[in-house]
Amino acid sequence: QEFDGNKLVYFDNGATSQKPSHVMKALDDYYRFYNSNVHRGIHALSAKATDAYESARRKVANFINAADSREIIFTRNATEAINLVAYSWGLSNLKQGDEIILTVAEHHSAIVPWQFVSQKTGAVLKYVGLTKEEVPDIEQLKGLLSSKTKIVVVHHVSNVLGSMLPIEEVVSCANKVGAKVLVDACQSVPHMPVDVQKLGADFLVASSHKMCGPTGVGFLHGKFEILSSMEPFLGGGEMIADVFEDKSTYAEPPSR
């Protein structure tokens, strides 16, 4: 298409990518031919929809080399994935005086949820500044780590600064003080090989719409033993095992 007589060239992929025809066809085929509830029916269309849904989970797991497809939690976007960790893990594991380390270069979606958690728990936010090259100061990050540090929240690649952080090094240093690491990989997963087992982070988030996929889908990767220990984020139908009048029991990840 043209604007003011010039052919349109789209470069804003850091914000959202355009969708290939195969992606649009896959969505169209679902709504035309097997639109049905996933995991909530026993008829043929529901079975087909469920198979396609779980196939997508396995593809994501393979794409980032997750140890188990159950470590992939589908969300509405990366923002919801970060909020899931903040509320489900953060509120249950952080207390007065604990510390959360972030960099000043994080997306607001990676900062604001932890501000909420800080206000509710009394945990303290610690920020890593920038070097003279205007990239996050990893040496300062290392210096901030202590026994009070409970989680480190960092981006993998920044589409603003162009920085690419040494995640394996950050994880190694955080592990020495017993801290968890959450990685915002929205800008790295679409553009470079990302191996979550090699990186070693406890949590990693990314978003479909930045990597040629549909809008309204993101994912959280979490180590299975951590996901299993976390309280459910949202209550509803698929996340339960049994429901009684006064209590419920919860399904294992990824359903919970």
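All residue numbers refer to positions in the sequence shown, counting from 1.
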- Item | Gap separating the CG atom of Asn65 from the NE2 atom of His221, nearest 0.5 angstrom | 9.0 Å
- Message: Give me the atom names and distance for the closest heavy-atom approach of Ser17 to Met211.
- Response: OG-N, 3.5 Å
- Message: Quick one: does any side-chain atom of Glu106 pair with a main-chain N or O of Leu102 as donor and acceptor, under 3.5 Å?
- Response: no
- Item | Any donor-acceptor N/O pair, Ser36 side chain to Ser46 backbone, under 3.5 Å | yes
- Pair His107-Thr79, side-chain donor/acceptor within less than 3.5 Å: no
- Task: Would you confirm whether Gln140, through its side chain, and Gly129, through its main-chain N or O, come within 3.5 Å as a donor-acceptor pair?
- Result: yes
- Item | Side-chain donor/acceptor of Asn93 to backbone N/O of Trp89, under 3.5 Å | yes
- Item | Any residue meeting side-chain hydrogen bond (donor to acceptor under 3.5 Å, both in side chains) with Thr121, in chain and number order, not counting sequence neighbours | none
- Item | ring pair (Phe, Tyr, Trp, His ring centres under 6.0 Å) involving Tyr53 - partner list, sequence neighbours excluded | Phe74
- Query: Counting N and O atoms only, with roles assigned by atom type, does the side chain of Asp4 sit under 3.5 Å from a partner on the main chain of Asn6, one being a donor and the other an acceptor?
  - Reply: no
- Message: Determine whether a donor-acceptor pair (N or O, by modelled atom type, separation under 3.5 Å) exists between the side chain of Lys19 and the backbone of Gly213.
- Response: yes
- Dump the intermediate steps for salt bridge (charged side-chain N to carboxylate O under 4.0 Å, His left out) on Lys48 and Asp51, then the final yes or no. CA-CA 5 Å; Lys48 185 173 182 178; Asp51 287 346; over 6 Å; no
- Pick one: which of Leu204, Val205, Val194 meets side-chain contact (heavy atoms from CB on, under 4.5 Å) with His156? Val194
- Message: Is it the case that the side chain of Lys223 and the backbone of Gly200 share a donor-acceptor pair, with hydrogens and angles ignored and the cut-off at 3.5 Å?
- Response: yes
- Asp98 side chain to Lys95 backbone, donor-acceptor under 3.5 Å: yes
